[in-house]
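Here the structure is laid out as structure tokens; the discussion comes afterwards.
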Amino acid sequence: MTSEPIYLDHQATTPLDGRVLEAMLPFLTHEYGNPSSPHAFGRTAAKAVRTARRQVTDLVGAKNELEIVFTSGATEANHLAIVGAALAARPRGGHIVTTAIEHKAVLAACQRLVGHHDFTLTRVGVDGHGRIHPADIAAVLTPNTVLVSVMHANNEIGTLQRLAAIAEITAPRGIVLHTDAAQSASCGLLDVAELGVDLASLSAHKLHGPKGIGALYIRGGTRITAQQTGGGQERGLRAGTPNVPAIVGFGAAAHLITTDAVPPPTRTRALRDRLQDRLLAAIPGATVNGHPHRRLPGNLSLTLPGIEATDLLDRLPGIAASTGSACNTGSGEPSHVLTAIGLTRDQARATLRLSIGRTTTDTDIDQAADLITRTLTPATADAA
């Protein structure tokens, strides 16, 4: 019987935590009420949603539960944040700013504003580590700028951005600052008050919660134009019957992080560094992408010269990893993130993303390092 592959793709999605599933099960079976209903079934569901909203509030450091709006995931949250905030601010101006390494959901939302609402867009470049310099943001702002969107942690190379420094530039000008924080919330790195952001997008399946549920943090006083109307749910900002089981799961996953009921990021970082050191020592010319220190603890983006990463993964059925964002799979084009940090098209195609998470073990790391090394350098590995 074939064993399961070693899972090193936690930035694409994470396995559902058993404790999260346990919290969800009643609402998938006998607690089936609509939280908008006035009877006992509805009240039970509504209470569960309130509890989950409070748990997500605690996860991001929001002031109160009214600052959390549940969505179907980070993609919808990004669109609600970017399109909703920009349209609400349209009377003041029609210029928005983002970066060259954003998730495609953010770039698509920006392009919607350009194509359908006559906004102008500036995309700011990054350095070789994938960092945005706050001065570069300041340099492109105009009196017509109404929104800046900068992701907190990159989904391919893991680089963390200096959002607090950017907030010091946008806040005095009255410019809304949004961040796609889908990757960083799982590590306990997201504190909206400390970062100074007005809007933050989240996704439960990045932190061992269920798929199909996310949230948007909206700082009190930030104006948003609803994109999905009809039922008045989520304070009128996101109509539709709430997905109670998924919301409960999101809350439970958030609660595990805030109560330290999961391994700390230091353990993940130690495993990542162990894998990185082994592969760099064994594979001549291999290089690490992203900031050497300020990046997600579980992220390892490696460029391996002379290979096609997709071909390598085909030869490694014992490892579940990726060449970059799961959203880019099958596109045939090199990653826009990797080319933005200066990699050539060939180098981008020779890049492997290995992402480590809560369920990764020491044995997983050692076996993965051996498999990759043997596949790339079979003669050397066999001799050893």
Side-chain angles (χ1 to χ4, degrees), residues 20 23-24 27-28 31-39 41-89 105-106 108-109 112-113 147 149 176-182 185 190 192-193 197-207 209-255:
V20 172
M24 294 172 63
F27 299 93
L28 289 165
E31 297 291 359
Y32 46 79
N34 185 324
S36 298
S37 297
H39 46 64
F41 290 98
R43 289 194 297 272
T44 298
K47 181 180 179 181
V49 170
R50 286 195 300 272
T51 297
R53 201 183 305 274
R54 183 172 63 252
Q55 291 167 327
V56 176
T57 297
D58 293 340
L59 174 68
V60 304
K63 285 184 178 179
N64 58 66
E65 292 91 337
L66 294 177
E67 294 184 322
I68 300 298
V69 170
F70 287 116
T71 67
S72 63
T75 292
E76 184 190 342
N78 284 333
H79 278 258
L80 176 58
I82 293 167
V83 178
L87 292 181
V106 167
R112 179 181 168 192
L113 288 168
L147 179 135
S149 181
V176 174
L177 178 59
H178 165 255
T179 188
D180 178 345
L190 180 63
V192 293
V197 297
D198 302 297
L199 302 164
S201 303
L202 310 167
S203 186
H205 78 99
K206 303 292 188 181
L207 43 88
K211 297 175 180 66
I213 186 68
L216 177 63
Y217 158 76
I218 306 174
R219 183 183 298 280
T222 304
R223 294 181 62 237
I224 294 281
T225 298
Q227 300 302 295
Q228 183 170 310
T229 58
Q233 292 91 349
E234 296 300 300
R235 295 188 290 118
L237 291 174
R238 201 275 183 176
T241 302
N243 184 348
V244 178
I247 289 172
V248 168
F250 193 175
H255 186 65

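Every value quoted in this text rests on a predicted model; they were computed, and no experiment measured them. All heavy atoms count here, side chains included; hydrogens, waters and symmetry mates do not. If you read the sequence from its start, that first residue is 1, and numbering goes on from there.
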Which heavy atom of [X] sits nearest to which heavy atom of [Y], and what is that distance?
X	Y	result
V192	A200	CG1-CB, 4.2 Å
L207	A254	CD1-N, 4.3 Å
T229	A226	CG2-CB, 3.8 Å
A81	L199	O-CD1, 3.7 Å
V244	V49	CG2-CG2, 4.1 Å
P245	M24	O-CG, 3.3 Å

Practice task
Could you name each residue pair satisfying side-chain hydrogen bond (donor to acceptor under 3.5 Å, both in side chains) that touches residues 51-66, not counting sequence neighbours?
Solution key: R53-E234

Practice task
For N78 and H178, run side chain to side chain contact (heavy atoms under 4.5 Å, CB included): C-alpha distance rounded to whole Å, both residues' side-chain angles, the deciding distance at 0.1 Å, then the answer.
Solution key: CA-CA 8 Å; N78 284 333; H178 165 255; 3.3 Å; yes

Side-chain touch [X]/[Y], heavy atoms, less than 4.5 angstrom:
X	Y	result
V60	I68	yes
T241	S36	no
P35	R50	no

Handout entry: L59 and L190: CA distance, side-chain angles, deciding distance, side chain to side chain contact (heavy atoms under 4.5 Å, CB included) verdict
Key = CA-CA 8 Å; L59 174 68; L190 180 63; over 6 Å; no

[atom1]/[X] to [atom2]/[Y] distance, rounded to the nearest 0.5 angstrom?
X	Y	atom1	atom2	answer
F70	L202	CZ	CG	9.5 Å
L177	R219	CG	CZ	9.0 Å
H205	F250	NE2	CZ	10.0 Å
H79	R112	NE2	CZ	7.5 Å
D198	L147	CG	CG	8.5 Å
F27	N243	CZ	CG	12.0 Å

Problem - Side chain R235, main chain V69, donor-acceptor under 3.5 Å - result: no

